[in-house]
Amino acid sequence: MDITGRKLFVKALQEEGVDTIFAYPGGMVTDIVDELYKQDSIHVVLPRHEQALVHEAEGYARATGKVGVCLVTSGPGATNTITGIADAHYDSIPLVIFTGQVPQNLIGNDAFQEVDIVGMTRSITKYGVTVRDRKDLGRIIKMAFYIAQTGKPGPVLIDIPKDIQTQAGPAVYPERVDIRGYKPNETVHIGQLKKAYKLLKQAKQPLILAGGGVNISGAGELLTAFAEKMRVPVVTTVMGKGAIPTDHPLYVGNSGMHGRYAANKAVSECDVLFSVGTRFNDRITGDLNEFAPKAKIVHLDIDAASISRNVVVDVPVVSDACIALERLVEWAEPKNTDKWIGRIAAWEEENPLEMRRDKGLSPQMIMETINTTFPQGIVVTDVGQHQMWATQYITMPRGKQMITSGGLGTMGFGFPAAIGAKLGAPDKDVVCITGDGGMQMNMQEMATAICEKTPLTICILNNYYLGMVRQMQQLFYGKRYEITCLRRNVDCPDNCKGPNAACPPYVPDFVAWAQSYGAHGVRVTTEEEAREALQQAKERTDAPTVIEFMIATEELVLPMVKSGNPMSEMILK
Amino acid sequence: MEMKNRWIALYVENQVGVLAKVSGLFSGKSYNLQSLTVGTTEHEDVSRMTICVMSDDITFEQIKKQLNCMVEVIKVIDLTNVPLHMKEILFAKIKGLDGAGKEEVFRIAQVFNINNGNVKIADIGEDSVLLECTLTEHRNNDLIALLKKQFKGRVEIVRGGAVAVEAISTSCR
């Protein structure tokens, strides 16, 4: 018996095992929304903005390992998702985004709320298509879920015109789908892998670079075992953090623009760089000509197109990290790397990662207090200085997870992603570390957090500035703080060079704001207050807690490598 | 790094938006697209594109990989060092000709015709001649250059972009 498209939509989601959908209504999805009313196996979350909706689905997907499912209407509903989709694309997060579309007879007419969303998102989705025939609906939804979560995961957008939603057609939702142009890599070329292993085995100063692919693949334990067996030190990217526990003796630290001194030195001095699941983005390499100048490079990645794109590699291996590392662990034989490990330890001693403690509540103190209060759970960050401090100082034992916007660097990501993570993992503590700027980019989501009763801990590091850009102005632009001061108002002098007694008060009052939503709010200025506030927040189960940490206004993220400079040229003080 | 023209044959799903996706890759990633032609194959749900790009080795490898990533791309064939038959259709309309000018156009057509009869006089009027040429892209370039030199400002060019197919001797191996 035939059923309507809207009924098949819900059936498909149920057969995919979807338990949560992030949905915002609108004229072109009312039929599907009505169908969601009639079922109770899928929890429908109503965010307050479609961009945040996608970030929530991203947080959910990261926390659960499942596909994040989004439903929005046509036109502005669809265009609002674009930033979130791009974010998911860069960070390989599996999402299926359903957009409503005007009926097919109106497409091309500049109808009310009509946009070509498939066209607009073509370069930031793994796959996107408008359903043009009701009989294809089931197959296309199946394809979407299959493509989103296999191979290198990513977002898939399915645009469903209103007439397809109401039209009757086949009731079948296919169990599997065969796509002739899409065959994700499920094996590894043993010859190439052997070559890679041999190179590492012969190295005198070997180094493993673990990227986000290791975490996505769930290969952290294998990678750690491999490093242990061979006694090879490990550095990570921002997205790879946690691939090996941060307290592991072989872990050096993050490399890259704000990486640890010893980690960047190790990359610059190693003779074999064994990289897994990273695309050698410019934040990792700096000046390409000076990147790992002494090293032969092994590049293991699931995405063939990532290999030899930015850096020329000596041994490319196309594979999922787990599949390759399973083999590598079997082969691994101990090496004597004591001397090399000693050199790295000496670099660490030379310039340890540490912040001054004499300027009140320092970001390092805050991160350390968060570490003590939340030894496990999920840490979600926004984008900016606080994010870099978090990636530098948050400890990551096995089982703890960090969710951050690495590739696109999307301000406004943190808070909604934390809500999504909590919805996906209600039994885990979720801490959102954000800045005063990023927080204000999606603060309407407090309503979602309250209505979903997600007891999160939201740590706002408030320095009155859009700190990452201000840091550049401070270091490279003569302290001309144009449009980075969040206290500035129309009465301020034109040539302000920094905070002074005449500065206007900060808006908003984050504590009063949190309370106005029915959340808890507290402002802290000392380590003691911070500890207490975090502990109380952890114990609460009713509503989110906003903790505003007042930090020094001109605090810097260090070390820093200026964009485009070699990684060996770090600004340390 | 040597920049040169390289050729790709691309089998893609014959669906709405696939051409936009493929051409969007070239603009979005700043690849230098020289020509792109597309038509359906013997299977009506499959189209074949012939793509020419100007690039160095590394970029060309990257282009092939990026094309391979696309769900709608069924197969990427690098035609760069493969024996090929390649042709491009070209119309050249030369205007403002007197009798001697027409003679000159005929002579040029004849010379370009010597090998295999691929330049025809498709149409003629009081003072203009229309040439229809099915030559290699390279040969068409030569013809255009010559016509533009001889009949400055009086030449109208319409090119179709090259199509290519592997030579039979290769296909049978």
Side-chain angles (χ1 to χ4, degrees), chain A residues 86 89 92 104 107-108 116-133 136 139-140 143-144 146-148 150-152 154-159 161 177-185 279-280 288 299 301-313 316 318, chain B residues 1-3 6 8-33 36 38 40-51 53 55-78 80:
Chain A
H89 182 63
S92 309
Q104 288 186 87
I107 292 181
D116 173 17
I117 192 64
V118 171
M120 288 177 185
T121 54
R122 209 164 261 141
S123 63
I124 50 168
T125 49
K126 206 171 159 188
Y127 182 66
V129 69
T130 302
V131 183
R132 288 167 197 276
D133 192 332
D136 294 333
R139 181 181 55 82
I140 288 175
M143 270 177 83
Y146 175 62
I147 292 170
T150 49
K152 181 178 181 166
V156 176
L157 187 140
I158 306 300
D159 191 36
V177 67
D178 183 54
I179 309 162
R180 56 185 165 186
Y182 180 73
K183 301 281 177 242
N185 200 338
R279 60 168 169 259
F280 290 110
L288 281 169
H299 191 178
D301 201 285
I302 194 161
D303 176 19
S306 285
I307 293 175
S308 283
R309 176 168 56 187
N310 300 337
V311 297
V312 182
V313 303
V318 180
Chain B
M1 209 74 71
E2 195 198 354
M3 295 287 285
R6 296 151 202 270
I8 296 169
L10 198 66
Y11 285 98
V12 297
E13 299 289 347
N14 182 12
Q15 287 167 1
V16 179
V18 177
L19 176 60
K21 184 153 185 178
V22 170
S23 59
L25 176 82
F26 286 86
S27 58
K29 297 197 181 284
S30 286
Y31 301 145
N32 195 348
L33 184 64
L36 188 158
V38 58
T40 48
T41 64
E42 64 278 18
H43 307 287
E44 60 185 42
D45 57 345
V46 177
S47 295
R48 177 166 160 145
M49 296 183 180
T50 304
I51 296 173
V53 290
S55 78
D56 58 29
D57 289 345
I58 290 178
T59 311
F60 187 58
E61 280 308 307
Q62 187 54 219
I63 291 171
K64 286 188 284 179
K65 286 178 185 171
Q66 292 286 350
L67 289 169
N68 252 321
C69 279
M70 290 183 186
V71 173
E72 298 91 338
V73 169
I74 301 163
K75 201 174 176 189
V76 183
I77 305 169
D78 180 355
T80 310

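A note on names: the letters A, B, ... follow the listed sequences, proteins ahead of strands, and every chain is numbered from 1.
- There is no contact between B/E61 and chain A, counting heavy-atom distances below 4.5 Å.
- Only the side chain of B/V16 comes within less than 4.5 Å of a heavy atom in chain A; its backbone stays farther off.
- Per-residue counts of heavy-atom pairs under 4.5 Å with chain A were compared for B/E72, B/K65, B/M70, B/Q66; the largest is that of B/K65.
- Taken to the nearest 0.5 Å, the CG atom of A/N310 stands 8.0 Å off from the CD atom of B/Q62.
- Only the side chain of A/D303 has a heavy atom closer than 4.5 Å to any heavy atom of chain B.
- A salt bridge between A/D301 and A/R309 is absent, with no side-chain N of the basic residue lying under 4.0 Å from a carboxylate O of the acidic one.
- The six-membered or imidazole ring of A/Y182 lies near that of A/Y146, with a centre-to-centre distance under 6.0 Å.
- No option in B/D56, B/D57, B/T59 other than B/D56 meets the side chain to side chain contact (heavy atoms under 4.5 Å, CB included) test with B/M3.
- Remark: side-chain polar atoms of B/N14 are not paired, donor with acceptor, to backbone N or O of B/S47 under 3.5 angstrom.
- Looking at A/K152, neither its backbone nor its side chain comes within 4.5 Å of chain B, counting heavy atoms on both sides.
- Between atom NZ of residue B/K64 and atom CD1 of residue B/I77 there is a gap of 11.5 Å, rounded to the nearest 0.5 Å.
- Of residues 20-32 of chain B, those residues with a non-hydrogen atom less than 4.5 Å from any non-hydrogen atom of chain A are, in numerical order, B/A20, B/K21.
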Between A/D159 and A/R132, does the salt bridge (charged side-chain N to carboxylate O under 4.0 Å, His left out) criterion hold? Intermediate values first, please. CA-CA 9 Å; A/D159 191 36; A/R132 288 167 197 276; over 6 Å; no
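- Contact of B/V73 with chain A is made through the backbone alone, with heavy-atom distances under 4.5 Å.
- Taking CG of B/N68 as the start and CG of B/L10 as the end, the distance is 8.5 Å to the nearest 0.5 Å.
- Applying the side chain to side chain contact (heavy atoms under 4.5 Å, CB included) test between A/I140 and each of A/V156, A/V129, A/D133 identifies A/V129 as the sole match.
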